[in-house]
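Computed from heavy atoms alone, side chains included, the values below leave out hydrogens, waters and symmetry copies. Computed from a prediction, not measured in an experiment: that's the story for all the values here. Order of the sequence lines sets the chain letters (A, B, ...), proteins ahead of strands, with each chain counted from 1.
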Number of protein chains: 2
Amino acid sequence: MNKIKGNIADQTLCPVARAESVVGDRWTVLILRELFMRMHRFEEIQAQTGATPQMIAARLKKLEADGIVKRRVYNKRPLRHEYQLTEKGEAFYPVILALRAWGETWCKSPKEGRAVTYTHLTCGKPAGLGPACESCGKPLHREDLVAEQAPKYRREREARWDAFKANR
Amino acid sequence: MNKIKGNIADQTLCPVARAESVVGDRWTVLILRELFMRMHRFEEIQAQTGATPQMIAARLKKLEADGIVKRRVYNKRPLRHEYQLTEKGEAFYPVILALRAWGETWCKSPKEGRAVTYTHLTCGKPAGLGPACESCGKPLHREDLVAEQAPKYRREREARWDAFKANR
DNA sequence: GCTTGTTACTATGATTTTCATAGCAAATAT
DNA sequence: ATATTTGCTATGAAAATCATAGTAACAAGC
């Protein structure tokens with residue numbers, strides 16, 4: 001079995017170390033990103049993250065063990081599961097949002113444009129990068145956000161899916 | 001040389017993937033935590049993270065290459081450097097804060113208590129877990145926060161330092 | 001009833017990273 | 001001259017990761 005290693009967790013009071021022992025891994029975070037984008041199937045996650053099936057399987061198993069993800073049967077015969085965020089998983093959203101804000105601001109050239117833009121349902125206007133709405137100033141919650149992918153980003157994701165489907 | 005691998009970065013518009021190619025690693029995040037706690041020396045970072053010197057050295061080198069950390073000479077003879085956050089590094093604070101909030105809330109039993117509590121200078125009251133001040137509601141900025149370590153956490157860190165100094 | 005397709009993985013062996021342990025260099029302090 | 005401090009680098013074993021291939025369990029079409 002694949003352990004991702006996380007035993008500092010029980011030896012420190014530091015919440016950052018505790019959190020990192022659960023999500024301190026690139027694939028894990030990318031999987032969570034996909035789940036937040038409502039991709040629930042193994043295949044979709046594999047295609048969009050580019051990780052090997054073992055990487056995905058190991059991470060999902062650990063995420064489930066850590067109470068962040070739950071499996072749900074969506075088809076009985078053949079038995080098929082989909083992956084969903086638990087309450088603990090949903091609560092991770094602010095981290096993803098902060099990571100997105102930092103990534104958009106500091107890891108891209110301005111002319112590239114945003115991958116996703118959010119509209120704040122509460123006020124009907126652009127939400128910006130958070131954590132507070134750039135239009136109305138209120139704190140952003142996931143359920144009040146409508147995401148729109150930039151055409152370029154949508155094409156990028158479609159291309160990845162097509163490429164994945166093509167060679168199998 | 002030690003590459004941490006980060007080339008998805010240039011192939012996707014996704015800011016989360018971009019960010020992860022830079023900070024998607026447990027040691028990297030723990031190093032950043034230490035820098036935010038104003039530990040600037042190699043030794044201190046090594047002692048408090050528990051990583052091997054190569055891990056620290058490789059991560060610091062990459063963080064410097066990625067513009068998140070800068071080295072500063074604090075002693076000429078013998079030549080000694082300390083590590084500081086750049087503007088890009090400082091901008092990462094909201095991610096650490098969000099990670100802390102999630103870790104405190106979901107990765108600890110309530111009776112363990114907080115590792116660090118923040119007072120919000122703007123209103124003089126407890127800041128809570130953010131991103132907005134739990135007392136006055138305003139968004140939290142690092143420069144307006146005064147951190148106080150819980151005695152238990154302070155002792156934990158002192159013990160780690162002593163243990164590190166002891167065996168070398 | 002046999003081939004093809006779908007989905008979710010598991011198996012395998014090479015490559016790469018990480019870990020534990022030790023050591024070095026360039027000074028200062030004693 | 002010897003010990004100590006600080007910031008690393010070297011080495012080899014152990015573990016994780018990667019690319020590639022394959023399996024299982026069924027459904028659907030011919």
Side-chain angles (χ1 to χ4, degrees), chain A residues 1-8 20-21 24-31 34-35 39-64 69-84 161-168, chain B residues 1-8 20-21 24-31 34-35 39-64 69-84 161-168:
Chain A
M1 200 196 296
N2 233 337
K3 279 167 209 170
I4 286 143
K5 173 133 190 193
N7 24 17
I8 320 137
E20 280 296 295
S21 83
D25 171 274
R26 210 159 58 85
W27 296 131
T28 301
V29 175
L30 293 182
I31 288 170
E34 289 307 312
L35 292 173
M39 307 304 270
H40 300 291
R41 314 261 273 252
F42 194 96
E43 245 195 332
E44 297 171 320
I45 295 170
Q46 193 190 340
Q48 294 301 329
T49 59
T52 61
Q54 302 98 301
M55 293 290 101
I56 308 285
R59 293 323 185 274
L60 283 172
K61 208 163 278 176
K62 182 158 193 288
L63 283 169
E64 201 187 348
V69 153
K70 55 178 184 276
R71 296 204 305 170
R72 228 203 40 149
V73 172
Y74 75 88
N75 196 40
K76 280 229 156 122
R77 344 205 64 241
L79 187 59
R80 294 280 181 258
H81 296 96
E82 64 177 16
Y83 297 90
Q84 290 182 317
W161 180 252
D162 292 346
F164 176 78
K165 284 271 131 180
N167 56 9
R168 44 175 276 110
Chain B
M1 203 194 295
N2 231 337
K3 277 166 211 176
I4 284 143
K5 175 135 188 184
N7 25 16
I8 318 138
E20 280 297 296
S21 83
D25 169 275
R26 211 159 58 81
W27 296 131
T28 301
V29 175
L30 293 183
I31 288 170
E34 289 306 313
L35 292 173
M39 308 304 270
H40 299 293
R41 314 260 273 252
F42 193 96
E43 249 197 327
E44 297 171 321
I45 294 169
Q46 192 189 341
Q48 293 301 329
T49 58
T52 61
Q54 301 97 302
M55 293 291 101
I56 309 284
R59 291 329 183 273
L60 282 173
K61 207 164 280 177
K62 182 159 193 287
L63 282 169
E64 202 187 346
V69 154
K70 56 178 183 278
R71 296 204 306 169
R72 226 205 41 149
V73 172
Y74 75 88
N75 196 40
K76 280 229 154 123
R77 342 206 66 239
L79 188 59
R80 295 282 181 255
H81 296 96
E82 64 177 16
Y83 298 89
Q84 291 182 315
W161 179 252
D162 293 345
F164 176 78
K165 284 271 128 179
N167 56 12
R168 48 175 271 109

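Proximity of B/Thr52 to B/Ile56: side-chain heavy atoms (C-beta onward) are nowhere separated by under 4.5 Å. Between B/Ile31 and B/Val69 the shortest side-chain heavy-atom distance does not fall below 4.5 Å.
In the model, B/Tyr74 has a side-chain atom that pairs as donor or acceptor with a side-chain atom of B/Arg41 under 3.5 Å.
In the set C/dT10, D/dC8, C/dA8, D/dC8 carries the atom at the smallest distance from any side-chain atom of B/Ala57. Closest approach to the B/Pro53 side chain among D/dT17, D/dT9, D/dA27 is made by D/dT9 (side chain taken as heavy atoms from C-beta onward). Here D/dC8 is the nucleotide among C/dC9, D/dT17, D/dC8 with the atom lying nearest to any side-chain atom of B/Phe42. Side-chain atoms of B/Pro78 lie closest to C/dT28 of the nucleotides D/dC18, C/dC19, C/dT28. Checking C/dA22, C/dT18, D/dA21 against the side-chain heavy atoms of B/Arg59 singles out C/dT18 as nearest.
An OP1 or OP2 oxygen of D/dA16 is reached within less than 4.0 angstrom by no side-chain nitrogen or oxygen of A/Lys62. Between A/Arg71 and C/dC9, a side-chain N or O to OP1/OP2 separation shorter than 4.0 Å is present. For D/dG7, the OP1/OP2 oxygens have a side-chain nitrogen or oxygen of B/Arg41 closer than 4.0 Å. For B/Lys76 and C/dA26, the shortest distance from a side-chain N or O to OP1 or OP2 is not below 4.0 Å. A sub-4.0 Å separation between OP1 or OP2 of C/dT17 and a side-chain N or O of B/Trp27 is absent.
Regarding A/Asn75, its CG atom lies at a distance of 15 Å from the C1' atom of C/dG5, rounded to whole Å. Distance A/Ile45 CD1 to C/dA8 C1': 11 Å, rounded to the nearest Å. Atom P of nucleotide D/dT9 and atom CG of B/Leu60 are separated by 11 Å, given to the nearest angstrom. The CD-C1' distance, from B/Glu43 to D/dC8, rounds to 11 Å in whole Å. Note: CE (B/Met55) to C1' (D/dT9) measures 12 Å, nearest angstrom. Distance A/Asp25 CG to D/dA15 P: 18 Å, rounded to the nearest Å. The distance between atom NE2 of B/His81 and atom P of C/dA27, rounded to the nearest whole Å, is 13 Å. With rounding to whole Å, B/Arg26 atom CZ is found 12 Å from D/dT17 atom P.
A/Glu20 has no carboxylate O lying under 4.0 Å from a charged side-chain N of B/Arg26, or vice versa, which leaves the two without a salt bridge.
Heavy atoms of B/Lys165 sit under 4.0 angstrom from primed sugar atoms or phosphate atoms, though from no base atom. As judged by a 4.0 angstrom heavy-atom cut-off over every strand, B/Arg80 is placed among the base-contacting residues.
A donor N or O paired with an acceptor N or O is not found under 3.5 Å between the base of C/dA8 and the side-chain atoms of A/Gln46. Residue side chain B/Gln54 does not reach the base of C/dT17 through any donor-acceptor N/O pair under 3.5 Å, judged by distance alone.
DNA chain C is contacted by both B/Gly50 and A/Glu44; A/Glu44 maps to the nucleotide lying nearer its 5′ end (nearest heavy atom per residue).
The one candidate from A/Glu82, A/Gln46, A/Glu34 that meets the side-chain contact (heavy atoms from CB on, under 4.5 Å) condition with A/Met39 is A/Glu34.
Once rounded to the nearest 0.5 Å, the distance linking CG of A/Leu30 with CG of A/Asp25 reads 8.5 Å.
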